[in-house]
Each structure stands twice: as C-alpha cells, then as structure tokens.
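Each chain gets a letter, A, B and so on, in the order the sequences are listed, and its residues count up from 1.
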Amino acid sequence: MARDPASILRQRFVEAIALAFPQLGGEAIDPGVGPSRAAQHGDFQCNAAMALGKRLGLSPREAAARIVGALRAGDLAEPVTEGSIAGPGFINVTLRPGALAGLLEEMERDGLGVPNAGGGRLAVVDLCGVNLAKQMHVGHLRSTVIGDTLARVLGRTGWRVLRQNHVGDWGLPIAMVTARLMDEPPAGGPDRLTLDDLDRAYRAAQRACEADEAGLAAARRWGMGPKALGELEAQVSGARELSERARAVLVRLQQHEPGVMAVWERIRDVTMSACLAVCARLNAEVLPEHSAGESAYGPDLAGVVEDLRGRGLAVEDDGALVVRLDAPQDGAIREPLVVRKRDGAFLYATTDIAAVRHRVQRLGARRVVYAVDARQGLHFRQFFAAARRAGYARLPDGSEALLEHAAFGTILGQDGRPFKTRSGENVRLTDLLDQAQERAAATLRAKNPDLPPDEAAGIARAVAVAAIRYADLSTERTRDYAFNLDRMVAFEGSTGPYLQYAAVRLASIMRKASERHGAEAVAPATLAAASFPCAHPAEKALALTLLRFGDVVGQCAESLEPHRLCQFAQDLAGSFSAFFDQCPVLGAEDAALRTSRLRLCGLTRAVLADCLTLLGIPVLDRM
RNA sequence: GUGCUCGUAGCUCAAUUGGAUAGAGCGUCGGCCUCCGAAGCCGAAGGUUACAGGUUCGACUCCUGUCGAGCACGCCA
C-alpha cells in the first residue's frame, strides 16, 4: 500500500469528490493532488475544482467549496475550510505537525512509501543490446544504464522483472567475422582470442561489405552498360567474394554445422565475458542468464511470417513480404514493414516481432520495455503495430500487454556531433570508465589525502560510476547530451558524486554518534522510541521531501523517466544539507532532540540510499 | 519531400503530465567554518519560455502556422 501523503490525500479527495458530486456516478476523477510548489500555499494542493466546476456548470470556487465540505482529512491535515480555497479554486492543505511525524513513521515502517503497482506481474526490460565481436562503446552506455535503472525501478514497485539482453549474434557481419576467423585462425590459438581481435576483424569485414555494396550501388546509379559494370564488379570482386563466402557461412551457421558453430561459440564467449565485465563495472545488473540472442528466435521466424501471411497481414510487394500499417488504428504509418526480403531472408523486424510474441505469450509479460536509441523510433512504431495487429501482444486473459519504447537521445561530443574519438572511432566504454576513474582518484587525493590508497581506489571506482550514470540519467531521456567528463566528475552541483557526498555525511553523523554515545544511541530500538522532529523549518522541509519519495518512484516506474528520480535525489540532498547546516544533531540542546534528529538522519540515509541504489549509484560510508 | 523529436537565465538542465510569482546547478557578486565532512549553506543579479496566432478561469505544456536545430524515412541492425 502506498503510504505517502500525496497518495493518502489523493484518495481522500477522490472520496470527497465522489461524495460531493453524486451525479458523476462514481466515475474516476483525477483529483490533481500534489505537493505545493510554494510554501505559502501550504504543503499540498488539490486542483480538481476548476475542471469539475466547468464540467458540472458550477463556478470553480463553488465546486471547491463542495469538495472541501465533503473532505475528511482531519487526522492528518489542519482543518481544510473555505478559507483554504485560493485563486480560481485551488484547495490548499497544510499537514499537522503531529501528522507529519506519524507519516514519517509509517513510511519508515512500510517500504519507504513506495507503491506496489506491479503486484507481481511480469515486466520484460530489453537492455544493453551488445553485438558479437564488438567492444561496448558509448552507443551501449545509455541502453545499459537506462535499462538497468528502469529494471530496478520496476522491480522496486512490485513488478517481477526479467532483463533481456537482445544480443546481436545473428546477422551477416557476425558471419563475416566467423568466416574470417575460419580462414585465418588467431595466432595464439583460440584460447588467446580477445575481444580486441574480434573488434578488428569485425571492422575489416564491415569495410569489405561496404565496398561491395558501394560499388554495386554506384554501378546502378550511373546506369552503366554490361561491360563497364563487369569491370567495376571485377574491382570489387575481392570484397564480393568475402560477402559471398560470409553468406555461405551464415547459412551453415543457421544450420548449426558443428565446425562453424564452434568458431561462433568462441566469438560469443569472448564477447560476452568482456561485455558483461563492463556492465559489472557500470554497476548494471546484466548477467549471463539475461542474454537472449537474436539467434534464439531463428526457429520462430518462418512460422511468424507464415502466420502473418496466412491471415493476410503480410502481403507480397516487389518480391518482398511486407505488413502495411497505414490504417489509422495502426498509427497511420506510411512506411510498410518488411518482414521477409526478396531473397527469402528475414530481418531484424521479423526477429523483433517474434521476440514480442515470445515475451508476451510464452513468458507472460504485461509490459515490455525497450531501452533503445530514439533513432529507431520508426522501427519500434512499426513492429509494435504489426505485433499488435497480429495479436502477439495479447495475453491469455485477453488484455493487451504494454509495449514501450523507452527511447533515448544521442551522446554528443563537445563539438555537438555524435561522440567519437579524434580518429573517428567509437569511444570504448572501458576507456571512458578508466578516464572517469582517474579524474575521481585525483580529486579524492586532493580533497581527502588521508584515505588509504587501496580504499581510495575502490572509492574512485564508485565515484566514476556515480558520475557517468548520473550524467546519463539526470536529463530527460529523449534528449541528446554532450559528454563532459569535467562536469560529471565534479563533486559539487548536480552530479552523482555530490549525492554520494550527502550520503557520506549522513553516515559520518551516525558513526560519530555511535562513537560518542555508544552503539545503542543509534540502535533501531533507541531511534524508534524517539519521535521525528518537525518543529524547525529545515526539519519540516526535509520531512516533506522525504515523504515525496514513494510517489516519485511510482511516477518513474510509470513514465519510465529516471530523471525524476535524479531530481528527487538532488532535492533530498539539498534539503538535508540545509538541515545539516541549521540543525545541529550531535550538538543538539538535549539528548531527546539529538535522538530525534538522529532518527530523521537515519530515515534520510535510508531514502537516499534507496534512491541511489535505484539509479545504480554506489552508496559510500566514506570518500 | 514526408514523418519524429526538440527550441526555457551567459552555459548545462528542471518545471507535479493544463495550475498560483517558470525553478536548480555551473559561472558572476556578497555573506557564513573555535561547532556533526565548507565536496556544504544563505542571499543577490540574471527570462517577451524561438516567433505569430488560437483553445480557456489559467499555456513552457494542447492546436495551427512561420523560423531554426537534430534524427529517421520497406528488403542493414
């Protein structure tokens, strides 16, 4: 049960509205309840009266008056009267100090107020999306970090979460690398094969493939005669031969021919162990059991396409098989979706449709969330629509699973262009982490020279993760952002390290309290016996911030927007810092107030730690 | 050409999904450590929310148009 005051008040206002306006017939009305933005308008407000008044032909203030008359909130709020109505019909609510303390107690007891929206239902989160034979680069950073955070948030709100790493292990490029490795076995033997080797082979293969395509495209574009075309084809014949050979290997691969499979499996193992190590460094929970390669859907593809065609959803067009989606109920998408190429091969759209069916109908997912680049937006609209049309998103109970593209923007360099190295290569995630770690280590040496070197190294790792993850999660998901190492590893301002620092100061207070007054001074039983302090403005402000937590997590799970959580963490760290400045804890006037404030610190620490953990930011005791 | 996303303080970003006086951080200026970690806090300056209309009690948010930016546009993934 949600026990944050916004939820409670929301419920009370819903009841009051139903009571005041029976003509609504119990219809669900959004009461528009939320924390007030300005302290002079009380702690919470209800904005429902204006819309209701309009709808029911009453003046907004009259509607507000009726709501106020029907409202029962005396247990937690100061009396809400006609005097509480302001402006066009805002209803302002101020919590009673005693109620504030009571709500904090309830929150502390009851999962920090986080709602159980999932109720044990299954949510699949598609994240990471590495490709075989490729190093993880910045392109994978957002999918991994955002996907991991969304998975954590969904799990925290009661969803059973299944992460799926949709590994690109299927296409022609992989076959090319496989072919190349079969031709030229690695010098040190298969056991010495590294992801670097594979990465080089991949790029070489890709270049060859592009040369082939480009040559033929040029020939077609210039409308060359057979003779000239033949010469050009001779020029690209080397590349062409490679492509042909790769196609042959792809066929053998898809037939699971043992010799080819052995090479492919080696590529897979080398890639995945290296990539999962990077995920672990990013504090992202992406494990071997989450790998669900595209190849796993291979056996389903022919059946899916046959099903689509048999029901008239997929039709022939210029030799290819396409699904038309231009009907309004499909989203009026002009571009048809190709599910089978002219040469009979399937595409990633086919795989994605098969994956939806698998996730919804075999695994039972109520939500399928894709943390994937926004540039694939059209593709997602297309195959979501196709999958829905085919009924693949329908659950056994007849309800429709929610297919959600949690799209994110591009990481840019300082020049505003997509982030690349000087030589135009993708930036490796390992290099990025190394750099962030070095910066963090240097800052730590300057700020806290007393840290033992081995401890400092571990802290630098944690700070680097905080810096990178926070920078990625703190802006609206769909925005592009410019990668700026200096800004993200800064220990001040809106950064991950600043949040860690707030948690460290809280830990430090608890530690010192224990040192000075004995371990029992901070024991749960001792703290639980003290009431939360809400007399000082800074105490009340901190309390109100804490009480927002559950609602924020719930909204984050619904909107799939981690930046809300970042904003909250920032607010909380800020409220705490102000409190820390104005309200001595260890130096409080008497033992009772000290214990009381310690309890507030304990809850603050718990909420901040919970929030940071949801963001995948390590919580430290010292830094 | 069509579609998607976007345009907010000098810079980087928010804004309770239509709510009250548009808020933070960085930078600038001014205060605050004999006291719990100053990596902090308090205050000041900084805005025609690209522009023009429209919808209504109320618009950064919704609708139309203009300008500007990025991205994507059936047989790659």
Side-chain angles (χ1 to χ4, degrees), chain A residues 6 30 32-38 40-41 45 47 50-51 53-54 59-60 86-90 92 129 131 168 170-173 209 213 294 317-324 332-343 345 347-349 351 373-379 381-382 407 409-410 412 416 443-444 446-448 474-476 478-482 484 487 490-495 497-498 500-502 504-505 507-513 516 538 548 551-552 555 559 563-564 566-567 570-571 573-574 577-588 597 601 622-623:
Chain A
D30 179 6
V33 169
S36 296
R37 208 190 283 268
Q40 72 233 18
H41 298 131
Q45 59 179 296
N47 304 331
M50 284 80 80
K54 165 111 179 147
S59 83
F90 298 107
N92 294 328
N131 295 55
W170 188 237
L172 190 60
C209 189
E213 298 295 325
E294 293 175 347
D317 184 20
D318 198 17
L321 214 51
V322 304
V323 180
R324 298 197 195 285
I333 303 167
R334 186 184 297 267
E335 297 83 352
L337 181 66
V338 179
V339 294
R340 199 182 68 189
K341 302 201 295 189
R342 194 170 8 200
D343 66 6
L347 303 96
Y348 77 136
T351 307
D373 195 308
R375 285 174 291 196
Q376 295 196 39
L378 174 60
H379 172 245
R381 286 200 298 134
Q382 286 181 311
T410 306
L412 307 174
T443 308
L444 283 168
K447 290 191 185 294
N448 194 352
S474 58
T475 63
E476 206 189 355
T478 53
R479 290 183 79 104
D480 296 347
Y481 74 90
N484 184 337
R487 192 163 53 80
F491 283 46
E492 51 276 311
S494 179
T495 67
Y498 165 81
Q500 288 176 312
Y501 177 66
V504 162
R505 291 205 294 180
S508 179
I509 289 178
M510 304 309 270
R511 196 165 51 232
K512 286 212 163 70
R516 293 182 196 175
R548 277 169 43 205
D551 218 28
V552 169
Q555 283 169 11
S559 67
H563 80 276
R564 294 167 179 276
C566 293
Q567 192 78 38
Q570 212 52 233
D571 290 348
S577 292
F579 161 80
F580 182 85
D581 229 55
Q582 296 164 38
C583 303
V585 178
L586 301 181
R597 284 181 174 163
C601 287
R622 215 184 295 274
M623 67 189 282

Indicate yes or no: at least one non-hydrogen side-chain atom of Val338(A) is less than 4.5 angstrom from one of Asp317(A). no
Separation of rC4(B) P from Gln376(A) CD (nearest whole Å): 18 Å
Is rG70(B) in the syn range, within 90° of 0, or in the anti range? anti
rU8(B) to rC13(B) separation - C1' atoms, rounded to the nearest Å: 10 Å
Side-chain atoms of Arg479(A) come closest, of rC75(B), rU8(B), rA20(B), to rU8(B)
Under 4.0 angstrom, heavy atoms only, what part of the nucleic acid is Ser508(A) near: base, sugar-phosphate, or nothing? base
For atom P, what is the distance between rG53(B) and rC32(B), given to the nearest Å? 49 Å
Looking at the angle O4'-C1'-N9-C4 for a purine or O4'-C1'-N1-C2 for a pyrimidine, is rC29(B) syn or anti, with syn meaning within 90° of 0? anti
Testing rC75(B), rG40(B), rA14(B) for proximity to the side chain of Thr475(A), the answer is rA14(B)
Using OP1 and OP2 only, check whether a side-chain N or O of Arg37(A) sits under 4.0 Å from rA20(B). yes
Nearest to the side chain of Gln555(A) - rC41(B), rC75(B), rU16(B)? rU16(B)
Distance check, C1' atoms only: rC73(B) and rU21(B), in whole angstrom units. 45 Å
Over all strands shown, is Cys566(A) touching base, sugar-phosphate only, or nothing at heavy-atom distances under 4.0 angstrom? nothing
Can His41(A) and Phe90(A) be said to form a side chain to side chain contact (heavy atoms under 4.5 Å, CB included), step by step? CA-CA 9 Å; His41(A) 298 131; Phe90(A) 298 107; over 6 Å; no
Side chain of Gln582(A) only, heavy atoms from C-beta on: which candidate in rG3(B), rG74(B), rC42(B) is closest? rC42(B)
Quick one: label Gln500(A) by what it contacts on the DNA or RNA (base, sugar-phosphate, nothing), any heavy atom closer than 4.0 Å. nothing
If I pick the C1' atom on rC51(B) and the same atom on rC67(B), what distance separates them, to the nearest angstrom? 7 Å
Hey, does Glu476(A) reach any base, or is it just sugar-phosphate, or nothing, if we go heavy atoms under 4.0 Å? sugar-phosphate
If you measure from the ring centre of Phe90(A) to the centre of the six-membered ring in the base of rG19(B), is it under 5.5 Å, with the planes under 30° apart? no
Using Watson-Crick or G-U wobble geometry with both distances below 3.5 Å, tell me the partner of rU49(B), or none. none
Opposite nucleotide pairing with rG19(B), Watson-Crick or G-U, both atom distances under 3.5 Å: rC57(B)
Report yes or no: is there a donor-acceptor pair, N or O only, under 3.5 Å between the side chain of Gln40(A) and the base of rU21(B)? yes
Within the structure shown, what part of the strands sits under 4.0 Å from Arg622(A) by heavy-atom distance: base, sugar-phosphate, or nothing? base
Categorize Leu347(A) for me: base, sugar-phosphate, or nothing, with a 4.0 angstrom heavy-atom threshold over every strand shown. sugar-phosphate
Chi angles and distances behind the side chain to side chain contact (heavy atoms under 4.5 Å, CB included) call for Phe579(A), Cys601(A): CA-CA 10 Å; Phe579(A) 161 80; Cys601(A) 287; 3.8 Å; yes
Name the nucleic acid region contacted by Pro60(A), choosing base, sugar-phosphate or nothing; use a 4.0 angstrom heavy-atom cut-off, strictly under. nothing
Among the nucleotides rC75(B), rA38(B), rC36(B), whichever has the atom closest to the side chain of Asp318(A) is rC75(B)
Can you check the distance between rU61(B) and rA14(B), where both ends of the measurement are the C1' atom (answer in whole Å)? 13 Å
Indicate, yes or no, whether a donor-acceptor pair under 3.5 Å links the base of rU5(B) to the side chain of Arg375(A). no
Would you say CZ of Arg334(A) has more than 12 non-hydrogen atoms from neighbouring residues, nucleotides or ligands within 6.0 angstrom? no
Give one of base, sugar-phosphate or nothing for Arg342(A), where a contact means two heavy atoms less than 4.0 Å apart. base
Looking at rU21(B), rG74(B), rA38(B), which one has an atom nearest to any side-chain atom of Asp317(A)? rG74(B)
Under a 3.5 Å cut-off for both distances, is rA38(B) Watson-Crick or wobble paired, and to whom? none
For a side chain to side chain contact (heavy atoms under 4.5 Å, CB included) check, start with the C-alpha distance between Met623(A) and Asn448(A), then their side-chain angles and the critical distance, and finish with the verdict. CA-CA 7 Å; Met623(A) 67 189 282; Asn448(A) 194 352; over 6 Å; no
Once you apply a heavy-atom cut-off of 4.0 Å, does Ala86(A) come out as touching a base, just sugar-phosphate, or nothing? base
Name the nucleic acid region contacted by Ser59(A), choosing base, sugar-phosphate or nothing; use a 4.0 angstrom heavy-atom cut-off, strictly under. nothing
Are any of Lys341(A)'s side-chain N or O atoms less than 4.0 Å away from OP1 or OP2 of rG74(B)? no
Any N/O donor-acceptor pair, Asp373(A) side-chain to rA77(B) base, under 3.5 Å: no
Is there a donor-acceptor pair closer than 3.5 Å between any side-chain N or O of Asn131(A) and the backbone N or O of Gly168(A)? no
Across the strands shown, which category fits Gly493(A) at heavy-atom distances under 4.0 angstrom: base, sugar-phosphate, nothing? sugar-phosphate
Strand partner of rC11(B), provided both Watson-Crick or wobble distances fall under 3.5 Å: rG25(B)
Close side-chain approach of Gln376(A) to Tyr348(A), heavy-atom, < 4.5 Å: yes
Does Met50(A) or Asp343(A) map to a spot on RNA chain B nearer the 5' end, using the closest nucleotide for each? Met50(A)
Side chain of Leu378(A), heavy atoms from C-beta onward: which of rC73(B), rC13(B), rG40(B) has the nearest atom to it? rC73(B)
Describe the nucleic acid contact of Lys447(A) in one word from base, sugar-phosphate, nothing, applying a heavy-atom distance below 4.0 Å. base
Determine the Euclidean distance between corresponding C1' atoms of rG43(B) and rA59(B); express it in Å to zero decimal places. 32 Å
note: Asp480(A), atom CG; rU12(B), atom C1'; distance rounded to Å ~ 14 Å
The nucleotide from rC13(B), rC36(B), rC73(B) with an atom nearest the side chain of Tyr481(A) is rC13(B)
Using Watson-Crick geometry (N1-N3 plus N6-O4 or O6-N4) or G-U wobble (N1-O2, O6-N3), each under 3.5 Å, rU5(B) is paired with rA69(B)
Note, Ile509(A) side chain near Arg597(A) side chain (heavy atom, < 4.5 Å): no
N-glycosidic conformation, rU17(B) - syn within 90 degrees of 0, else anti: syn
Using side chain to side chain contact (heavy atoms under 4.5 Å, CB included), reason through Gln45(A) and Asn92(A) one step at a time and then give a plain yes or no. CA-CA 5 Å; Gln45(A) 59 179 296; Asn92(A) 294 328; 3.8 Å; yes
Would you mind classifying the nucleic acid contact of His563(A) as base, sugar-phosphate or nothing, using non-hydrogen atoms under 4.0 angstrom? sugar-phosphate
Sticking with atom P, work out how far rC60(B) lies from rU66(B), rounded to a whole angstrom. 22 Å
When the P atoms of rG27(B) and rC41(B) are considered, how many whole Å apart are they? 13 Å
Minimum-distance nucleotide to Tyr498(A) side chain [options: rG70(B), rG3(B), rC41(B)]: rC41(B)
Less than 4.5 Å apart, side chain to side chain, heavy atoms only: is that true for Gln570(A) and Tyr498(A)? yes
Want to settle it: does Arg511(A) or Gly574(A) sit nearer the 5' end of RNA chain B, counting the closest nucleotide to each? Arg511(A)
Among rC42(B), rC75(B), rA77(B), which is the nearest nucleotide to the side chain of Asn131(A)? rA77(B)
